[in-house]
*Asks:* 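I am attaching a structure below and will ask some questions about it afterwards.
Below, read A as the first sequence line, B as the second, and so on, with proteins coming before strands; counting in each chain starts at 1.
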Amino acid sequence: MKLIIAYIQPDKLNSVKQSLFEAKVTKMSVTNSLGCGQQHGYHETYRGVDVEVNLLKKVRLEIAINDEFVKPAMDAIIKGAKTGNIGDGKIFVLDLAECVRIRTGEIGNAAIG
Amino acid sequence: MKLIIAYIQPDKLNSVKQSLFEAKVTKMSVTNSLGCGQQHGYHETYRGVDVEVNLLKKVRLEIAINDEFVKPAMDAIIKGAKTGNIGDGKIFVLDLAECVRIRTGEIGNAAIG
Amino acid sequence: MKLIIAYIQPDKLNSVKQSLFEAKVTKMSVTNSLGCGQQHGYHETYRGVDVEVNLLKKVRLEIAINDEFVKPAMDAIIKGAKTGNIGDGKIFVLDLAECVRIRTGEIGNAAIG
Amino acid sequence: MGMAKHKLPITLALLALLLLGPISLVSAQEEEAAVSIEMFTINNTWMLVATFLVFTMHLGFASLEAGLTRAKNAVNILFKNTAIIAIGLLTYALCGFNLMYPGEFIIGGEAGFFGFAGFGLNPGDDPGIGYADGAYTYWTDFIFQAMFAATAATIVSGAVAERIKLSSFLIFSAIYVAIFYPIAGSWQWGEGFLDAMGFYDFAGSTLVHSAGGWAALAGVLLLGPRLGKYTPGGIRAIEGHSMPLATIGMFLLWLGWFGFNGGSVLSADPEEVSFVFVTTALAAAAGIMGAMAASWTIIKKPDLSMTLNGSLAGLVGITAGADVVGVTSAIIIGFIAGIIVVGSVLLLDRARLDDPVGAISVHLVCGIWGTLAVGIFSADHSIVTQLIGVVSYGVFCFVSAFAIFGILKATIGIRVSESEEMRGLDIDEHGMEAYGGFQIFTSR
Amino acid sequence: MGMAKHKLPITLALLALLLLGPISLVSAQEEEAAVSIEMFTINNTWMLVATFLVFTMHLGFASLEAGLTRAKNAVNILFKNTAIIAIGLLTYALCGFNLMYPGEFIIGGEAGFFGFAGFGLNPGDDPGIGYADGAYTYWTDFIFQAMFAATAATIVSGAVAERIKLSSFLIFSAIYVAIFYPIAGSWQWGEGFLDAMGFYDFAGSTLVHSAGGWAALAGVLLLGPRLGKYTPGGIRAIEGHSMPLATIGMFLLWLGWFGFNGGSVLSADPEEVSFVFVTTALAAAAGIMGAMAASWTIIKKPDLSMTLNGSLAGLVGITAGADVVGVTSAIIIGFIAGIIVVGSVLLLDRARLDDPVGAISVHLVCGIWGTLAVGIFSADHSIVTQLIGVVSYGVFCFVSAFAIFGILKATIGIRVSESEEMRGLDIDEHGMEAYGGFQIFTSR
Amino acid sequence: MGMAKHKLPITLALLALLLLGPISLVSAQEEEAAVSIEMFTINNTWMLVATFLVFTMHLGFASLEAGLTRAKNAVNILFKNTAIIAIGLLTYALCGFNLMYPGEFIIGGEAGFFGFAGFGLNPGDDPGIGYADGAYTYWTDFIFQAMFAATAATIVSGAVAERIKLSSFLIFSAIYVAIFYPIAGSWQWGEGFLDAMGFYDFAGSTLVHSAGGWAALAGVLLLGPRLGKYTPGGIRAIEGHSMPLATIGMFLLWLGWFGFNGGSVLSADPEEVSFVFVTTALAAAAGIMGAMAASWTIIKKPDLSMTLNGSLAGLVGITAGADVVGVTSAIIIGFIAGIIVVGSVLLLDRARLDDPVGAISVHLVCGIWGTLAVGIFSADHSIVTQLIGVVSYGVFCFVSAFAIFGILKATIGIRVSESEEMRGLDIDEHGMEAYGGFQIFTSR
Ligand SMILES: Nc1ncnc2c1ncn2[C@@H]1O[C@H](COP(=O)(O)OP(=O)(O)O)[C@@H](O)[C@H]1O
Ligand SMILES: Nc1ncnc2c1ncn2[C@@H]1O[C@H](COP(=O)(O)OP(=O)(O)O)[C@@H](O)[C@H]1O
Ligand SMILES: Nc1ncnc2c1ncn2[C@@H]1O[C@H](COP(=O)(O)OP(=O)(O)O)[C@@H](O)[C@H]1O
């Protein structure tokens, strides 16, 4: 089992969800995040003082998934999120040691989906 | 050392904290999250347009913990969060390679608690 | 590759970012979080009813990083966040199995930075 | 309002007559009018200004109530407040006005307790200068009173917030405002038996605020507390989601009160209206100080939400006697009201009566205090008569509100389901959220 | 406003003359004035009260529009509304006032369609009691009308929100308010050809609201919808970010309307102003009920944003005939407007005309309805003439707005870039955010 | 206000006398009054309307200040503004009113610089028509002036926000409003030495706004900047947390200013009040344009918070001469004020004077500008005299405020602890948060 963490552009959330659904990945958790990456930030000013904003708004996806779905899920994320511009985001994959469904107490692969 | 990630219903946060305290787990971090799982979303309408909300509000717990506490902690979470209804949530467990307490520089098992 | 998760005091975000930059770590993601740790909470009252607040506002950093940068990054975080007071925070390190840059499809070490 | 209803203060009228002496010879129309056309126009204009000020109170209530409750129920509260003003105005036009000012009583003799002048608005022959001796027109009379009527229902809204079913609440409000509030009002302002008895309630500490407060109490008793408010482990605080909104609400209510009390003079009489402005403002200020002092002493912190309540407590407290008590008395009444409201909020909470915004403490408890205070601080009024009035309204309003809520509870139900309450009324009752797309700030 | 412009209601003037009969012998100045100095003062005071009420509507629009759009564009909307009131007042002083009330027409004969009394403000010999037969001073006339003028541009602001370029919008507003709105206004309130024809628009269902609404429609057509609003998969909802803000906006607009309609009596005439208060308030209330009923029926939920629109729809609907239709008619007009606005919002969305706040439905559609309703509910006015007025304004306003927006589109462009729209106009146009440092709540 | 205090404009009085000539024969009471009872009533009514408008400014300040500061200090700011209005009204009743309008001076001769008419309110024999020659009643006089007094302290509140200790601030405000503001005020409006000298400040550019601004400056100097505002690396922006709240604040302040300036005519004189409305509104509009232009030019972005300040700058600027400068001058004064405020905000920041809401720039700097502008744009006033006035007030207000803050600093301290400032004043001073349970949106 793996845990996929993906940072994407906020406005891509819908299309990523769409392509994940097409890849039969329907479970995920979404959080707001601020990201600092290759994408340049921008300058705000507030009352004449320059504000360098280098934390940009991103959406963070967390998907626990069985190993055989990792590749399709990653492809789906890329499909939904890629524009070719800086700031498109990253995908990280971690090993997942255990998984439990609270409602039933099921564990492991059975619990994940 | 393990890192437990748990998604629970927001209104269960207090009872989960309670049962974790009883299990002597007193350190944790809490974040808002939106979840997409087995639980059906619901329909909103805004000015006559249907809005399918399939990202439901969840609370995400992150608990770094020594191995011997993993089982009691998971049981405590289940005890506090379980209602038997869809949407109760999930627990994920990852291996934790290292842990440092910033204040003291302590590392590993000593730092976690 | 490793994934560093650090919880710090919110008002230390700027100095941590600063010292990470000095250590050539320029990519990260930041989230709000509420923490429950050794630091005591405080009491609020609302309309005469006591509110024990034991979830304190923290900032959560997530940094995916190549192995050789782990130590410098951790040192930088400590340098930026440490005051010696309770509540300074913790750093957790996980193994990172894979990493992909969505824009280019690069993977692994190349994608991380 | 009080007894001067439909009559201009005598001093003013006399002066005006003197002034118009030589003129009235040349003007047939003027012979009938107690005041000049100019005085009529200024009186009427002031009453219309007072009307829009009272209107503003509805926004005040909406803001205060939304601010002191949770974000997940904000749409519901805003919706209720929007609907109430509409229901209040329309039902008052349909029958409320003619129940409250029936002209003649049907039951209870000349100064009785029930009368009805028929459905709809009927301006009669002279809706103008001849209508109320030149104090205002028929239309002004109606719209000013209609704005008052709607406030009684709004008071209930805050107390029953975060758990009441929308439809039941709307039905309750419509019935209460259309029928029970005006009947009760007729006893005093409609020149019914309490008026005849010498009871005094200038602008409605009892007739409006307690009337709303009793209904709020009935609602809270029948509804029970919000989930999770009272646990075996003790009382839990359920924090309001926006103090700026609550503060805006308080200021707008105070603003509106200048019209609520100032308009209850029922003319632009310079001395009386300006005196009422002074007592009203100083009582509100003293209420703030009282609540600040009380909360700083008891809770050890200067609690903003309590202090906001304190200003409203002072305002409710002065409402019954704003024109008949002195300036120092007004300050004392307000200060005590500010202390009372803090004590009352704490006690009601201990008594496990869950009132999210403190409506019962502000409007009922301080409404009673203000009504009795007239008997204490004004030599011309008896505290016994005041007490009789308080009890009469208490029994009538509480029983009728309890009955309406009770019947609704037994039939269509008055409380939302547990899961709906958990998730928030906004989603289940209205299918929308107050702060859409804000928390996941950029997903669209 | 209407035909009584610059003339006091006759009854009032006659009465005043009678009253002043014996006095005018001793006062040379008084011989000329139609009313006493007292009546003049009260008339003028009421008009100034109405002026600040109309001013409040600008805050109402700012709040409503900001609440019904996304957080990322809130600064932009607030900025536009702040700039518009400034631009509106200044350009109206520069030329608008003298285009709208030219005195004499240059083109089109005595009651023509274009005239201009010159740049700047020119109070003439007697800006006081002799100016408008004692109804108000020259300065009051200007400032009251100027507040009206700015609302027309504000209406556009909401419809084109979240995608229009700031500079283009400001240029559009300046031109439209300075030149086209007043020219159109002169046809009726400036005693031009429509006034001569018997067209009736009391306070501006057509002259103000439709005038704004037509321009909004032109803007929406030329701009296209917001990104992601209409996808191949269907219509997507783009939720407003703050319902409390939107509700505050609605209440403040209603409050302002008491001045908008009440001030359009153009004197403090007690009967007329109070009657207008009643019809205005009841139509708003009925609009709420209409929209509530319609949304509960069609969408199956009592939609707050629709209900807020409903109250405004009722207000726009009654604006043309607030002084000439009966109370029951006012309720019917408002109720129907409430239903119309819900239907119109749904239909415009199906037609893929993206109007984030419903401005076209509220101001244009209900403005037309209200204007025609005068012909239906008032025996003294003909629906045909009303229709001629509606069409005349429609053609002129739509064409001129379309032309201005079209030229801007062809030159400097009217729409922000795609990436700017995605990120929010606040950051790219203004370099700041509406809720700074709030979401990452403690990073400083 | 100005010199006309307690006197009706002469034209009006003369007219009224003429008018009342034949009538005064039959009315003994009328012989004494300068105006008819009708004129008295309308004057008084307008002054009461102006009073509630000035009241609204307190909500305006509360909203503006809360919006331009951080969420973690919002409760504190709202609390301060709630407490200040209470303290202001009560202390003004206790002694402020009688210090400001002492009748006779004790120190400094007939037109001196200190006098005191005793504690409490004392309406005297005729608080009505005989009190101020029929301009308003004693009570109106008090409540209108009391609302003014409280604004001076509110101005300070914004400048010292986010770091001042609540108790120290409340003590400062009470002393400053109760004693120093009214003494200074007596020099001009109380017919003291500056009035005698020919100094002119119509509604308080100097007497109210600069008086508050000087105190704000003293506070900022003694407090020092907020933590993290000025770092070795340069100036950091600390963003306000809610632009909608700030914008609501600006609009409400402008609304209130119609009463602040319009009421300072001290009667309902049609020409004067309406003229003041026009100059006030156009100066505000021009201030918006000035600030917009300046920020677009200097900062390269149309900054909303600066533009909001610009409108207030225009309003402060016109306040001293709203009745004596022409329309074009009003626009110029406002436009320059709008530019000045942007420059001043930038310069004060460079000078490391940390004023979170720009209160010093708006109220002090533009207050001085407005006062001097009277000397420039009005032929009847000398810029030298104006300068003498500005300096007199500057020395007195700054020194006294500095002394009070200094003593407080040396004794109980004026600044919260570093950790309290970090965590936010809301939690440590008030034990609550402004947006409770909102960010972790559903944990309860
Ligand atoms: N090493 C990293 N650790 C944590 N988060 C990262 C890392 N690299 C990128 N991110 C996240 O991914 C987002 C996109 O990164 P960026 O470098 O702009 O993308 P890209 O190079 O694909 O265009 C960042 O804003 C940040 O939130
Ligand atoms: N595979 C997953 N990856 C990430 N998050 C998940 C996954 N499965 C469930 N979750 C989270 O857990 C929440 C509860 O899931 P759900 O399937 O509704 O629970 P249950 O089946 O226990 O009733 C989801 O809303 C989501 O936030
Ligand atoms: N075991 C843990 N699991 C998850 N988060 C933790 C854990 N321990 C600490 N934290 C996070 O780190 C923050 C700081 O912890 P605390 O014990 O107060 O720090 P310190 O002991 O270094 O002063 C906590 O508020 C919490 O967010």
Side-chain angles (χ1 to χ4, degrees), chain C residues 3-14 16-17 20-21 25-64 85-87 89 92 99-105 111-112, chain D residues 64 67-70 158-159 225-226 228-231 233-243 246 291 294-310 313 339 341-362 439-441:
Chain C
L3 186 75
I4 299 178
I5 298 172
Y7 289 92
I8 59 170
Q9 293 283 35
D11 53 80
K12 291 294 172 198
L13 178 58
N14 277 319
V16 168
K17 260 171 57 189
L20 279 169
F21 282 2
V25 180
T26 56
K27 315 243 153 153
M28 72 194 79
S29 299
V30 181
T31 332
N32 284 330
S33 184
L34 293 180
C36 187
Q38 226 160 87
Q39 190 185 13
H40 286 295
Y42 51 89
H43 285 258
E44 292 188 0
T45 55
Y46 180 74
R47 300 180 73 74
V49 181
D50 208 64
V51 188
E52 213 206 307
V53 181
N54 54 15
L55 289 175
L56 299 169
K57 291 172 184 173
K58 299 283 165 186
V59 160
R60 178 182 188 274
L61 298 181
E62 207 169 77
I63 308 173
N85 295 323
I86 280 182
F92 304 115
C99 170
V100 185
R101 189 191 308 278
I102 293 176
R103 175 168 47 94
T104 56
I112 223 161
Chain D
L64 184 79
L68 291 181
T69 50
R70 287 166 291 182
R226 289 167 291 172
K229 173 71 189 162
Y230 304 114
T231 62
I235 303 169
R236 267 188 54 224
I238 300 183
E239 291 168 37
H241 86 280
S242 175
M243 289 305 125
S295 75
W296 221 324
T297 314
I298 304 175
I299 322 176
K300 308 279 177 260
K301 293 274 180 187
D303 187 296
L304 177 62
S305 79
M306 290 287 205
T307 306
L308 299 178
N309 278 168
I339 295 173
V341 84
V342 173
S344 170
V345 165
L346 296 177
L347 284 177
L348 286 178
D349 222 10
R350 300 294 169 278
R352 313 219 150 193
L353 290 172
D354 184 20
D355 175 358
V357 306
I360 299 173
S361 302
V362 167
Q439 283 143 339
I440 287 290
F441 41 79

*Asks:* Considering non-hydrogen atoms only, spot the tightest contact between D/Leu68 and C/Arg47 and give its length.
*Replies:* CD1-NH1, 4.3 Å

*Asks:* Could you pull out the closest heavy-atom pair between C/Val49 and D/Lys229, with the gap in Å?
*Replies:* CG2-NZ, 4.3 Å

*Asks:* Measuring heavy-atom distances to chain C, does D/Ile235 have an atom under 4.5 Å in its side chain, in its backbone, in both, or in neither?
*Replies:*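 Its backbone and side chain both get close to chain C.
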
*Asks:* For each of D/Leu346, D/Val342, D/Asp349, D/Leu304, tally heavy-atom pairs with chain C at distances under 4.5 Å, and name the one with the top tally.
*Replies:*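 When all of D/Leu346, D/Val342, D/Asp349, D/Leu304 are compared, D/Leu346 has the most.
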
*Asks:* Under a 4.5 Å heavy-atom cut-off, does chain C meet the side chain of D/Val357, its backbone, both or neither?
*Replies:*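 Backbone of D/Val357 only, per the 4.5 Å heavy-atom cut-off to chain C.
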
*Asks:* Locate the shortest heavy-atom distance separating D/Gly240 from C/Tyr46; write the atom from each residue and the value.
*Replies:* N-OH, 3.0 Å

